[in-house]
Amino acid sequence: MTPEELAAVLGEPPAPEGTWEREAVYVSAAALRRGLDAAELAERVRALGGVGSVEVRGKGFLRIVVTAPGDLLRSAPVRPPFSPAWPDFPRTWDNPGFVVRYGHARACAALRWARELGVPESGFAAGLLDDPWHRRVLRALAELPGRLVSREPGWESYLLRLALAYHDAHERAPAVPVGDEEPGPVHTARVRVAAAVREVLPGPDRL
């Protein structure tokens with residue numbers, strides 16, 4: 001299930017909730033805002049592939065658990081329509097501009113290395129993105145559809161948070177084989193994350 005499929009049923013993008021480290025959850029108040037029967041809307045959402053459960057809470061809020069959060073990568077990400085006016089220097093972790101641009105450059109490097117090391121481009125398996133670091137990246141990416149239609153998207157803080165999450169994933173769960181490790185499906189999945197991050201974060205391909 002892609003975010004577009006879920007939004008098409010709800011009539012608006014849902015909002016991710018929690019950390020997603022153990023459970024990938026979206027919440028939606030679409031039934032309230034659109035004047036729909038929440039139970040009927042929940043049934044329509046349950047019919048989507050990749051939905052683990054849907055609960056109706058309160059006066060019509062839906063809590064939606066997805067079984068493979070990595071499925072959101074089956075949709076093409078969109079770069080935010082915002083260009084931060086962060087300075088180029090200093091190139092340290094204290095400068096959010098450096099953190100974001102370096103995140104973009106690292107994602108580009110991961111894609112280059114993957115091609116050089118023979119990581120398969122096909123055979124993406126969303127369920128392999130089960131380490132906590134990549135799930136945090138997915139959680140941040142899941143916010144993008146909602147922020148694109150928000151009146152107050154908060155792009156600066158969002159880009160910084162996505163970049164920090166990706167730096168952790170890049171370092172702790174590499175997208176390319178390390179040492180004698182053979183390239184495999186898990187690397188293909190992680191490279192797909194890098195490709196999404198590259199599209200969302202602004203910056204040069206190399207620093």
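Index from 1, following the sequence. In this text, all values refer to a predicted model and were calculated from it rather than measured experimentally.
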Correct closest heavy-atom pair for L128 and A189 would be CB-CB, 4.3 Å
P84: side-chain contact (heavy atoms from CB on, under 4.5 Å) partners, not counting sequence neighbours:
F82, W86, L159, P202
What residue among I64, V51, L10, V54 forms side chain to side chain contact (heavy atoms under 4.5 Å, CB included) with Y26?
I64
Please report the interatomic distance OG(S28) to CZ(R33), rounded to the nearest 0.5 Å.
6.5 Å
Taking salt bridge (Lys or Arg N to Asp or Glu O under 4.0 Å) as the definition, give me every residue that meets it alongside R115, ordered by chain and number, with sequence neighbours left out.
none
Considering only Ile, Leu, Val, Met, Phe, Trp and Tyr, and joining two whenever side-chain heavy atoms are under 4.5 Å apart, list the other residues clustered with L32.
F61
I'd like to know if the side chain of T188 reaches the main chain of G123, judged simply by a donor and an acceptor atom lying under 3.5 Å from each other, with no hydrogens or angles considered.
no
Taking all non-hydrogen atoms of both residues, which atom of A194 and which atom of A110 are closest, and how far apart?
CB-CB, 4.1 Å
Only pairs under 3.5 Å count here: list side-chain donor-acceptor contacts from residues 173-181, not counting sequence neighbours, and write none if there are none.
{"from": "E181", "atom 1": "OE1", "to": "V178", "atom 2": "N", "distance (Å)": "3.0"}
{"from": "E181", "atom 1": "OE2", "to": "H187", "atom 2": "NE2", "distance (Å)": "3.2"}

Who pairs with P204 by side-chain contact (heavy atoms from CB on, under 4.5 Å), at least two apart in sequence or on another chain?
R101, L207
Cluster check V66, V137: I/L/V/M/F/W/Y, side chain < 4.5 angstrom:
yes
Only counting residues at least two apart or in another chain, list the ones meeting salt bridge (Lys or Arg N to Asp or Glu O under 4.0 Å) with E5.
none
Can you tell me how the ring of Y158 sits relative to the ring of W155, calling it parallel under 30°, perpendicular over 60° and tilted otherwise?
perpendicular
To the nearest 0.5 Å, what is the distance between OG on S53 and CZ on R63?
6.5 Å
Is L141 linked to L6 within one hydrophobic cluster, defined over Ile, Leu, Val, Met, Phe, Trp and Tyr using a side-chain heavy-atom separation of less than 4.5 Å?
yes
Evaluate the side-chain proximity of R206 to R112: yes if any heavy-atom separation is below 4.5 Å, no if none is.
yes
Between the CG atom in L72 and the CD atom in E143, the distance rounded to the nearest 0.5 Å is 11.5 Å
So, the side chain of R79 versus the backbone of R198: is there a donor-acceptor pair under 3.5 Å, distance only?
yes
Verify the cluster assignment for L111 and V200: are they in a single hydrophobic cluster under the rule of side-chain heavy atoms below 4.5 Å apart?
no
Are V186 and L138 co-members of a hydrophobic cluster defined by side-chain heavy atoms under 4.5 Å apart?
no
Taking side chain as C-beta onward, heavy atoms only, is V25 less than 4.5 Å from P16?
no
Please determine if R91 forms a cation-pi arrangement with F89, meaning its NZ or CZ atom is less than 6.0 Å from the six-membered ring centre and no more than 45° off the ring axis.
yes
Using side-chain contact (heavy atoms from CB on, under 4.5 Å), reason through L62 and E55 one step at a time and then give a plain yes or no.
CA-CA 6 Å; L62 300 187; E55 297 177 42; over 6 Å; no
Measure the spacing between CD of E17 and CD of E23 and express it to the nearest 0.5 Å.
9.5 Å
Non-hydrogen atoms of G70 and L129 that approach each other most closely:
CA-CD1, 4.1 Å
Listed by chain and number, what are the side-chain contact (heavy atoms from CB on, under 4.5 Å) partners of E199, not counting sequence neighbours?
P77
Give a yes or no answer on whether the side chain of R135 reaches the backbone of W20 with a donor-acceptor pair at less than 3.5 Å.
yes
Taking atom CZ as the centre, does R172 end up with more than 12 heavy-atom neighbours from other residues, nucleotides or ligands that are less than 6.0 angstrom away?
no
Mind checking what makes side-chain contact (heavy atoms from CB on, under 4.5 Å) contact with V78, not counting sequence neighbours?
L148
What about Y102 and L164, same hydrophobic cluster or not, with Ile/Leu/Val/Met/Phe/Trp/Tyr joined at side-chain heavy-atom distances under 4.5 Å?
yes
Heavy-atom closest pair (L201 atom, H104 atom, distance to 0.1 Å) is O-ND1, 2.8 Å
Results of salt bridge (Lys or Arg N to Asp or Glu O under 4.0 Å) for R46 - residues two or more places apart only:
E43
Using the ring-ring contact (aromatic ring centres under 6.0 Å, His included) rule, collect all pairs that involve residues 112-139, keeping only residues at least two apart or in two chains.
none
Side-chain donor or acceptor of N95 paired with backbone N/O of P90 under 3.5 Å
yes
Before you tell me yes or no, could you show the steps for R136 and R161 under side-chain contact (heavy atoms from CB on, under 4.5 Å), namely the whole-Å CA-CA distance, both residues' side-chain angles and the distance that decides it to 0.1 Å?
CA-CA 10 Å; R136 280 199 289 269; R161 189 156 46 82; over 6 Å; no
In chain order, what residues pass the salt bridge (Lys or Arg N to Asp or Glu O under 4.0 Å) check against E121, with sequence neighbours excluded?
none
Which atoms form the tightest heavy-atom contact between D71 and A126, and what is the distance?
OD1-CB, 3.3 Å
All heavy atoms of E21 vs all of P132, minimum pair found to be OE1-CB, 3.9 Å
Calculate, to the nearest 0.5 Å, the distance between atoms CG and OG belonging to L162 and S157 respectively.
11.5 Å
All side chain to side chain donor-acceptor pair (under 3.5 Å) counterparts of E171, not counting sequence neighbours:
R106
Spatial distance of atom CD (E40) from atom CZ (R44) [nearest 0.5 Å]:
9.0 Å
